[in-house]
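One structure is given below, encoded as structure tokens.
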Amino acid sequence: MKIYEKAPAKINLLLDVLHKRDDGYHEVEMVMTMVDLADRLEMQELPRDTIIISSQAGYIPLDEKNLAFQAAKLIKERYDVASGVYIHLDKRIPVAAGLAGGSSDAAAALRGLNRLWKLNIPTEELQKLGAELGSDVPFCVTGGTAVARGRGEVLEPIEGPPQCWVILAKPPIHVSTQEIYGRLNVGAIERHPSTADMLRAIREKRFADMCGAMGNVLEDITIRHYPEVRQIKECMLRLGADGAMMSGSGPTVFGLVQKQSKLARIYNGLRGFCKDVYAVRLLP
Ligand code: ATP
């Protein structure tokens, strides 16, 4: 039997860091949602006790470093599964881009293997397993829109933002999330975005207010080291995006656009100096 799972990319409409905790993690407050740019996972049970990962993407690890592999290993060990699995990853989300591609693959593997091996693991339990793999994995297990606190694993689901187009543009650089957090000095953050303003804008479906409430305290740090991120953001706004911001620790910049008539101009303008550009919708 073969089963399939989609692993969509996430964007942060807001990313704030409140303080550094005693355990070394940062206490965050994020508003996350998903877009319809997704990896696809094909999973097939193997009679022997082994996990095999394949992918058409030449630039991700296919061994135990792959987050889908780690998800399969974790679920196999915790639930004493004797059989193995072959997972093919059709990668479409750019890697190390700030779009949580690896985390979403891990979450999709947890969901898919729960079905494939008929384990009936409740969603909250899958999220707990996910938290062992990475801070963004619990959110990716359910998707939707949520406020994430703690180190990203304490989730409060909220209603979806007003529907719009999302243009994603990734400059040809890889940014390590760890490196950016390592450079962050929380005391030196000049302006924290307001989660309350963002939640009100979403609740009242006020698109312009939502764009105005966007903020990401990691943006300045990434831009300091990778100025092309600023260029892309400025270019998006100049071309007519209603709001633009870096996602996660970058380097992908996303722009929100309400009018479809503006899309082609922004898309084509960005393609002029950036190969990885996508025009997608928010996932409802
Ligand atoms: P995050 O913000 O959670 O770090 P990201 O979107 O910036 O996510 P990913 O695409 O998840 O970055 O990749 C981060 C690292 O994880 C890369 O160095 C990559 O080699 C590794 N990785 C492991 N498994 C995967 C996977 N299934 N897909 C993509 N990258 C993976």
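Note that ligands are numbered from 1 as they come in the structure, with each ligand's atoms numbered from 1 the same way. Keep in mind the model is a prediction, meaning the values are calculated, not measured.
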Check: [X] N/O within less than 3.5 Å of ligand 1 N/O:
X	answer
G102	yes
L67	yes
P61	no

- Item | Heavy-atom protein contact below 4.0 Å for atom 30 (N) of ligand 1 |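 For atom 30 (N) of ligand 1 the answer is yes, since some protein heavy atom falls inside 4.0 Å.
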
- May I ask whether atom 16 (O) of ligand 1 is less than 4.0 Å from at least one protein heavy atom?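 It does not; no protein heavy atom is within 4.0 Å.
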
- Message: At less than 4.0 angstrom from any non-hydrogen atom of I60, what atoms of ligand 1 do you find?
- Response: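 Numbered from 1, ligand 1 contributes 29 (C), 30 (N).
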
- Taking only heavy atoms of L99 into account, list the atoms of ligand 1 that are under 4.0 Å away from them.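 So the answer, numbered in order with elements, is 6 (O).
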
Given [options], identify the one with the heavy atom nearest to [atom].
atom	options	answer
atom 19 (C) of ligand 1	V95, D105, D136, V137	V95
atom 3 (O) of ligand 1	S104, G98, S103	S103
atom 12 (O) of ligand 1	A100, A96, G101	A96

- Query: Among protein heavy atoms, which sits nearest to atom 23 (C) of ligand 1, and what does the distance come to when rounded to 0.1 Å?
  - Reply: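 Among all protein heavy atoms, the one nearest atom 23 (C) of ligand 1 is K65 O, 3.4 Å.
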
- Message: Students should be able to answer this: which protein heavy-atom is nearest to atom 4 (O) of ligand 1, and at what distance?
- Response: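 I find the closest protein heavy atom is T177 OG1, 2.8 Å.
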
- Atom pair CD1 (I60) and CD1 (I53), whose distance is rounded to the nearest 0.5 Å: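 The CD1 atom of I60 sits 8.5 Å away from the CD1 atom of I53.
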
Validation: residues 269-281 side-chain donor-acceptor distances under 3.5 Å, sequence neighbours left out:
{"residue": "R271", "atom": "NH1", "partner": "K275", "partner atom": "O", "Å": "2.9"}

Between [X] and ligand 1, which part of the residue brings a heavy atom under 4.0 Å of the ligand: side chain, backbone, both or neither?
X	result
N66	both
L89	side chain
K91	side chain

